S.K.: 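There's a structure below that I have some questions on.
Keep in mind that this is a model prediction, so the values were computed, not measured. Reminder, nothing fancy here: chain letters follow the sequence lines and each chain counts from 1.
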Protein chains: 2
Amino acid sequence: MTHRQPLAPDMFDELCPSSLLPFRFGDKWAALVIRCLEDGPRRFSELRVPLRRVTPKVLTQSLRGLERDGLVSRTVHAAPELRVEYALTPLGRSMLEPLDAACAWAAAHWDELLDARDSYNAP
Amino acid sequence: MTHRQPLAPDMFDELCPSSLLPFRFGDKWAALVIRCLEDGPRRFSELRVPLRRVTPKVLTQSLRGLERDGLVSRTVHAAPELRVEYALTPLGRSMLEPLDAACAWAAAHWDELLDARDSYNAP
DNA sequence: GTCAGCGGTATCCAGGTGGTAACTGCCCTC
DNA sequence: GAGGGCAGTTACCACCTGGATACCGCTGAC
């Protein structure tokens with residue numbers, strides 16, 4: 001399986017910072033990484049395109065965490081050139097379901113959430 | 001609406017520490033608080049029973065966060081005696097859906113997750 | 001008048017998370 | 001043989017979260 005479209009640099013520009021949401025999947029960037037891997041394996045440098053706010057160190061951390069939990073696999077192709085591919089494992093793919101549920105909730109209640117914060121800060 | 005059963009001290013003893021899961025809802029204790037409020041409003045001291053590992057400061061923090069996000073309401077009854085009740089708002093109740101999705105995923109894949117960690121730490 | 005229970009606060013502190021900046025080794029191309 | 005891309009690593013640092021401990025004001029019961 002190879003991937004179709006290159007990842008766009010502004011892929012997550014519209015997305016609310018995950019720190020605003022009342023839930024998190026894995027560490028700060030894990031959910032976005034999983035989204036990037038949704039339709040096929042990606043290389044390290046490929047992931048850095050939409051996640052350009054993340055430094056390589058932090059991206060490595062996040063990927064190692066996902067790998068440790070068996071959600072993402074890491075494959076090194078040494079020849080003909082160095083090529084490291086990250087892909088969702090079946091377990092990782094199964095996590096798209098709760099992730100989608102969370103995203104759907106956030107999309108449906110985003111305005112309520114913002115209103116609640118506003119009226120709490122300035123009542 | 002009043003609550004039926006008192007909360008048991010060992011309510012969450014079996015539950016895996018949320019830090020082991022690849023996702024979190026709100027802060028460390030928020031998901032458990034929401035579960036406690038699932039079938040009716042509860043008092044501060046009532047919540048402390050199953051959440052006895054949480055100090056009052058931290059529980060207050062968590063409740064304030066949930067209140068700020070409009071997921072939980074706080075009502076003070078001054079008479080005849082001081083009585084503070086926390087309850088799920090409709091928004092908070094709507095969050096049970098993604099929360100259940102996450103719990104179902106965790107229950108279904110808990111063993112895989114543990115295996116993945118084991119084999120990562122000792123390959 | 002003292003004491004317990006309620007619903008918290010105040011203060012301090014340790015550890016973890018995320019970020020910056022710079023650097024590395026390897027291969028390939030020019 | 002110099003430079004550039006790939007896939008990171010290293011060292012350092014700031015902030016935030018969560019926890020420990022102690023304390024507070026109020027009320028009602030004894």
S.K.: ring-ring contact (aromatic ring centres under 6.0 Å, His included): which pairs involve residues 38-94 of chain B, sequence neighbours left out?
M.R.: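 Sorted result for residues 38-94 of chain B: empty, none.
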
S.K.: I need a per-nucleotide contact map over nucleotides 8-18 of chain C, read 5' to 3'. Cutoff is protein heavy atoms under 4.0 Å; write B for the base, S for backbone only, - otherwise.
M.R.: BBBB------B

S.K.: Find the distance between CG (B/L63) and CG (B/L71) and round it off to the nearest 0.5 Å.
M.R.: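 So the gap between those two atoms works out to 11.5 Å.
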
S.K.: Taking atom C1' of C/dC6 as reference, at what distance in whole Å does atom CG of B/L59 sit?
M.R.: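 My rounded result for the distance is 13 Å.
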
S.K.: For nucleotides 28-30 of chain C, which of its nitrogen or oxygen atoms have a protein nitrogen or oxygen under 3.5 Å away, and what is each distance?
M.R.:
{"residue": "C/dC28", "atom": "OP1", "partner": "A/P80", "partner atom": "O", "Å": "3.0"}

S.K.: How many angstroms lie between atom CG of A/L113 and atom CE of B/M95, to the nearest 0.5 angstrom?
M.R.: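 With rounding to 0.5 Å, CG (A/L113) is 8.5 Å from CE (B/M95).
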
S.K.: How many angstroms lie between atom CG of A/L88 and atom CD of A/E38, to the nearest 0.5 angstrom?
M.R.: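 Spacing of CG (A/L88) from CD (A/E38) equals 8.0 Å.
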
S.K.: Considering residues at least two apart in sequence or located in another chain, which fulfil the side chain to side chain contact (heavy atoms under 4.5 Å, CB included) criterion with B/C103?
M.R.: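 By the side chain to side chain contact (heavy atoms under 4.5 Å, CB included) rule, B/C103 matches B/R35.
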
S.K.: Counting only side-chain N and O atoms of B/R43, is one of them less than 4.0 Å from OP1 or OP2 of C/dG7?
M.R.: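 Answer is yes, contact under 4.0 Å.
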
S.K.: Could you pull out all residues at least two apart from A/E112 that satisfy side chain to side chain contact (heavy atoms under 4.5 Å, CB included)?
M.R.: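 Applying side chain to side chain contact (heavy atoms under 4.5 Å, CB included) to A/E112 gives A/H109, B/L91.
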
S.K.: CG of B/L99 to CZ of B/F23: how many Å apart, nearest 0.5 Å?
M.R.: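 Here the interatomic distance stands at 9.0 Å.
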
S.K.: Is any side-chain N of the basic residue among A/R83 and A/E85 closer than 4.0 Å to the acidic one's carboxylate O?
M.R.: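 Salt bridge between A/R83 and A/E85, a charged N being under 4.0 Å from a carboxylate O: yes.
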
S.K.: Do the non-hydrogen side-chain atoms of B/L59 and B/R48 ever get within less than 4.5 Å of each other?
M.R.: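 Side chain of B/L59 against side chain of B/R48, heavy atoms only: contact under 4.5 Å found.
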
S.K.: I want to check one thing: is the phosphate of C/dG19, taken as OP1 and OP2, less than 4.0 Å away from some side-chain N or O of A/T55?
M.R.: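 Answer no for this pair, as no side-chain N or O of A/T55 is under 4.0 Å from OP1 or OP2.
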
S.K.: Sequence neighbours excluded, which residues qualify as side chain to side chain contact (heavy atoms under 4.5 Å, CB included) partners of A/A87?
M.R.: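 For A/A87 the side chain to side chain contact (heavy atoms under 4.5 Å, CB included) partners, ignoring immediate neighbours, are A/P41, A/S73.
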
S.K.: Rounding to a whole Å, what distance do you find between B/E85:CD and C/dC6:C1'?
M.R.: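 From B/E85 CD to C/dC6 C1': 13 Å.
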
S.K.: With a strict under 4.0 Å distance from non-hydrogen atoms of chain A, what nucleotide opens and what nucleotide closes the contacted stretch of DNA chain D, reading 5' to 3'?
M.R.: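 So the outermost contacting nucleotides come out as D/dC6 to D/dA11.
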
